[in-house]
Structures are given as C-alpha cells and as structure tokens.
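What follows is a set of notes on a single structure, which appears directly below.
Naming convention: chains lettered A, B, ... in sequence-line order (proteins, then strands); numbering from 1 in each chain.
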Number of protein chains: 2
Amino acid sequence: MNHREWSAWLQLVGTFTLLPAALDSQLQREAGMTHFEFGVMVALSRQPDRRLQLKDLAVVANGSLSRLSHVISRLERRGWVRRTSGTKGRATYADLTDKGFQKLMATGPIHLREVRRLVFDVLTPEEVKALKQVTGRINAGLLDGIGLGELGRRARDRSRRQSC
Amino acid sequence: MNHREWSAWLQLVGTFTLLPAALDSQLQREAGMTHFEFGVMVALSRQPDRRLQLKDLAVVANGSLSRLSHVISRLERRGWVRRTSGTKGRATYADLTDKGFQKLMATGPIHLREVRRLVFDVLTPEEVKALKQVTGRINAGLLDGIGLGELGRRARDRSRRQSC
DNA sequence: CGGAATAAGTTGACGCTTCAAGCGCTTCTA
DNA sequence: TAGAAGCGCTTGAAGCGTCAACTTATTCCG
C-alpha cells in the first residue's frame with residue numbers, strides 16, 4: 001500500500017465515519033428517524049403501489065432481512081408503514097401509509113438540503129462524476145463479494161452434506 | 001439535485017453502508033475487534049511512546065469523547081490498552097500495552113489485505129487520486145461545520161453573557 | 001482570594017444492529 | 001404423497017453508540 005493509497009484510505013475512513021453520523025444526527029433531531037429508516041421509506045415511495053416485499057426491500061436498502069424486520073416494526077409502531085401478508089405464501093409486504101408518505105414529503109426537502117450542503121456544494125461537477133465512478137466500482141466489488149460468498153458458502157454446505 | 005448527482009448520491013450511500021459493514025464483519029470474525037477499535041489502536045501505535053490523551057485520540061479517531069471512554073474501557077478489559085492518569089491535572093492517557101501492540105501486529109496485515117481487496121484492487125491509480133481528493137473535500141466541509149459550530153456556539157455564548 | 005465558567009472524562013440508560021435460533025410455508029424428490 | 005430441505009421472516013439476547021447528567025480539576029476575572 002503506497003503513500004497515496006494510504007492517505008486516500010484515511011480520508012475515506014474519515015468520510016464514512018463522519019458523514020453517516022452527521023446525516024443520522026440531523027434526521028434524528030429534525031424528523032425523529034434514522035437515515036436507514038428514511039432510505040427504506042424512500043424506496044417504498046418509489047414503487048407504483050408504494051409497497052415492496054421485505055426480501056426485495058432488504059436488497060434495495062442494503063440491509064439484512066433481520067435488520068429490516070426490526071425497522072419495519074418500528075415504522076409500523078409510528079404508523080408510517082403497514083405490514084401486509086401477501087397473497088403468495090410466506091411473502092410479507094411493507095406498505096407505505098398515507099401518513100408515512102406525508103411524513104416523507106415533509107422530511108425529504110430538509111434532508112436533501114443537508115445532503116447538498118455537506119456533499120455537493122463542496123464538489124465540482126467533475127468531482128461528482130469521479131465520486132459516482134469510484135463508489136460505483138467499490139460497490140460492485142462489495143456486492144460481487146457477497147454473491148460469491150453466499151454461493152461459495154452454499155456450495156460448501158452442500159458438498160459437506162453430501163460427504164456425510 | 002440533478003440526475004448525475006442523484007445517482008452519485010445513491011452510490012455513495014451504498015458505499016458507506018456496505019463498506020464499514022464488510023470491514024467490521026471481517027475484523028470481528030478474524031480478530032474479535034471493531035474497525036473503530038482497530039483505528040484507535042493504530043493511532044496509539046503511531047505515537048513515539050504509544051500513548052495519547054483521550055481528548056486528542058478522539059479527534060484523531062473521529063469519535064466523541066464518550067464513545068472513546070467506552071471503547072478504552074473495553075480495550076482495557078482485554079489487556080490491549082491501559083489508562084494512565086497524566087501528571088497534569090484532569091488529563092487521562094491511553095497507553096497501548098505490549099500485548100495490544102502484538103495483537104495489532106498480528107491483525108494489521110489481515111485487515112490491510114481486506115482493504116486492498118475491497119477498495120484498491122478495483123480502482124485505477126487515477127481513481128485513487130480522485131477518491132482522495134473528493135473525500136478530502138467532503139471531510140474538510142464536515143470538520144469545518146463542526147469547527148464553525150463550536151466557534152459559533154462559543155461566540156454566541158460569550159456575547160450572550162456580555163449582554164446580561 | 002473566591003466564586004463562576006469551562007474543560008476532560010465518566011457513567012447509565014436507551015435505542016439500534018447483529019447474530020443465532022426458531023417457525024411455518026413451499027417445493028423438491030424418493 | 002410423505003418426508004426432507006429450503007426459503008422468508010420473526011424474535012430475543014448481547015454488544016455498541018449516543019445522549020444527557022454528573023464529577024472533578026482548572027482557569028478566568030472581579
């Protein structure tokens with residue numbers, strides 16, 4: 001790891017330590033919700049029928065199913081989301097309620113203003129482009145890794161089982 | 001917020017959701033420590049005498065004093081760090097023990113390999129340069145915000161006091 | 001000098017995330 | 001068609017972070 005890489009690494013660590021903390025703190029203060037919860041609600045609001053199966057929601061929101069289940073319970077308690085037992089077997093859907101949609105409409109602009117202030121106001125258009133490219137590549141690797149990891153694990157489990 | 005910015009934002013959120021999770025998970029599994037704890041120990045190890053006052057450690061590690069106090073307690077329980085009441089008044093120092101240093105020597109390479117795999121292996125040298133530049137600018141803004149906030153608060157408090 | 005403000009650090013409670021275990025539908029497959 | 005395996009989801013406990021309150025030492029200032 002050369003000098004430039006090390007210094008880039010320190011900066012990256014700084015960003016993913018400070019930025020989520022800043023966003024969470026602001027959303028918590030001004031809207032009583034987490035950044036993750038906000039992301040979940042945004043994902044729901046972008047669907048035509050404002051609903052999504054938990055399994056898919058987990059992928060979109062980059063979270064585990066377990067985490068999502070807890071989060072949906074909290075959002076349900078606040079009346080922003082409702083669980084719906086889907087018609088097909090074990091599927092569970094999360095529906096954004098009207099109250100949840102209104103909350104989102106009220107919160108969105110506040111949050112976006114903060115994002116703009118903390119991120120895009122300090123970057124030139126070329127830097128934005130570079131940011132998108134770099135994070136895109138890192139994420140591809142991360143998601144790839146997960147995919148490979150799961151497949152690998154399953155394959156391993158299967159072969160282990162066969163060998164017994 | 002235009003289209004390119006929005007897409008860059010989604011990628012950035014993905015990165016700071018997935019990357020810390022991946023790093024924490026690996027460090028937890030293979031070394032029984034958090035990424036933040038690792039960072040704290042690295043910071044200590046870089047000092048000539050392997051010690052740092054908590055207040056300064058907090059700045060270096062991008063964490064609150066409270067968080068640090070808890071973390072140091074945990075590290076102390078594992079024998080990797082020792083608290084030392086400094087000679088000057090209320091200062092408290094954190095000392096990296098020999099055991100802690102050895103642990104760090106054993107863990108460092110494992111972690112760095114993962115960092116390389118997840119981040120630098122997927123980036124070209126130009127992208128590394130861009131990453132450093134962009135995150136550097138964002139962090140400057142974030143720290144500035146804090147700095148301004150504190151200075152602002154103090155100035156406000158002072159002027160309020162004077163006006164009474 | 002003496003009291004107020006401040007700075008450094010600690011603590012405990014509360015909320016969120018993770019991890020492991022478990023439950024109940026499906027879908028294979030023998 | 002019955003049993004096994006897998007999937008989608010839930011749950012409870014344990015660990016970590018944050019916040020607010022508190023303690024103690026220090027500095028400022030009249």
Side-chain angles (χ1 to χ4, degrees), chain A residues 17-18 20-29 32-40 52-59 61-78 83-94 150-151 153-155 157-158 160-162 164, chain B residues 17-18 20-29 32-40 52-59 61-78 83-94 150 153-158 160-162 164:
Chain A
T17 304
L18 295 172
L23 294 175
D24 264 333
S25 154
Q26 201 239 7
L27 269 174
Q28 197 67 51
R29 249 183 300 114
M33 70 173 79
T34 298
H35 184 251
F36 186 78
E37 291 170 346
F38 179 79
V40 164
L52 222 37
Q53 200 184 330
L54 293 202
K55 156 186 73 133
D56 301 322
L57 191 48
V59 174
N62 293 319
S64 69
L65 205 44
S66 164
R67 181 179 187 182
L68 219 72
S69 186
H70 286 298
V71 166
I72 296 296
S73 298
R74 291 199 298 270
L75 295 179
E76 221 171 2
R77 233 172 280 137
R78 295 176 212 161
R83 256 183 253 252
T84 307
S85 302
T87 53
K88 343 200 117 191
R90 69 224 157 186
T92 304
Y93 292 85
E150 293 229 312
L151 288 179
R153 181 152 51 77
R154 267 180 230 167
D157 291 355
R158 205 166 303 147
R160 190 190 306 162
R161 209 174 314 123
Q162 284 178 350
C164 288
Chain B
T17 303
L18 295 171
L23 294 175
D24 264 332
S25 155
Q26 201 238 8
L27 269 174
Q28 195 68 51
R29 248 183 302 114
M33 69 172 79
T34 299
H35 185 252
F36 186 79
E37 290 170 345
F38 179 79
V40 163
L52 221 37
Q53 199 183 332
L54 293 201
K55 154 187 73 132
D56 301 322
L57 192 48
V59 174
N62 293 319
S64 68
L65 205 44
S66 164
R67 181 180 188 180
L68 219 73
S69 185
H70 287 298
V71 166
I72 296 297
S73 299
R74 291 199 298 269
L75 295 179
E76 221 172 3
R77 234 172 278 136
R78 295 176 212 160
R83 256 183 251 252
T84 307
S85 302
T87 53
K88 341 200 118 190
R90 70 220 157 187
T92 303
Y93 291 85
E150 294 230 312
R153 182 152 48 77
R154 266 181 231 167
R156 206 179 51 229
D157 291 354
R158 206 166 301 146
R160 189 192 307 162
R161 209 177 314 124
Q162 284 178 351
C164 289

- Item | Partner residues of A/Y93 under the ring pair (Phe, Tyr, Trp, His ring centres under 6.0 Å) criterion, sequence neighbours left out | none

- Task: By nearest nucleotide on DNA chain D, pick out whichever of B/Q28 and A/S25 is the more 5' one.
- Result: B/Q28

- Partners meeting side chain to side chain donor-acceptor pair (under 3.5 Å) with B/S64 (sequence neighbours left out): none

Distances for protein N/O vs nucleotides 9-14 of chain C N/O pairs under 3.5 angstrom?
unit_1	atom_1	unit_2	atom_2	d
C/dG9	OP1	B/Q53	NE2	3.4
C/dG9	OP1	B/T92	N	2.9
C/dG9	OP1	B/T92	O	3.1
C/dG9	OP2	B/K55	N	2.8
C/dT10	OP1	B/R83	NH1	2.7
C/dT10	OP2	B/S69	OG	2.9
C/dT10	OP2	B/R83	NH1	2.9
C/dT11	O4	B/S66	OG	3.2
C/dG12	O6	B/H70	NE2	2.9

- Query: Would you say B/R67 reaches D/dC16's phosphate, i.e. side-chain N/O to OP1/OP2 under 4.0 Å?
  - Reply: no

- Considering residues at least two apart in sequence or located in another chain, which fulfil the salt bridge (Lys or Arg N to Asp or Glu O under 4.0 Å) criterion with A/R83? A/E76

- Just to confirm, is there a sub-4.0 Å distance from OP1 or OP2 of C/dT17 to any side-chain nitrogen or oxygen of A/R74? yes

- Taking atom C1' of D/dC16 as reference, at what distance in whole Å does atom CG of B/L75 sit? 13 Å

- With sequence neighbours left out, write down each residue that passes side chain to side chain donor-acceptor pair (under 3.5 Å) with A/S66, or none if nothing qualifies. none

- Task: Return the value, rounded to whole Å, for the distance between atom CG of B/N62 and atom P of D/dG17.
- Result: 13 Å

- Item | side-chain contact (heavy atoms from CB on, under 4.5 Å) partners of B/R74, counting only residues at least two apart | B/E37, B/H70, B/V71, B/R77, B/R78

- Would you mind reading off the distance between B/Q26 atom CD and C/dT18 atom P, rounded to a whole angstrom? 16 Å

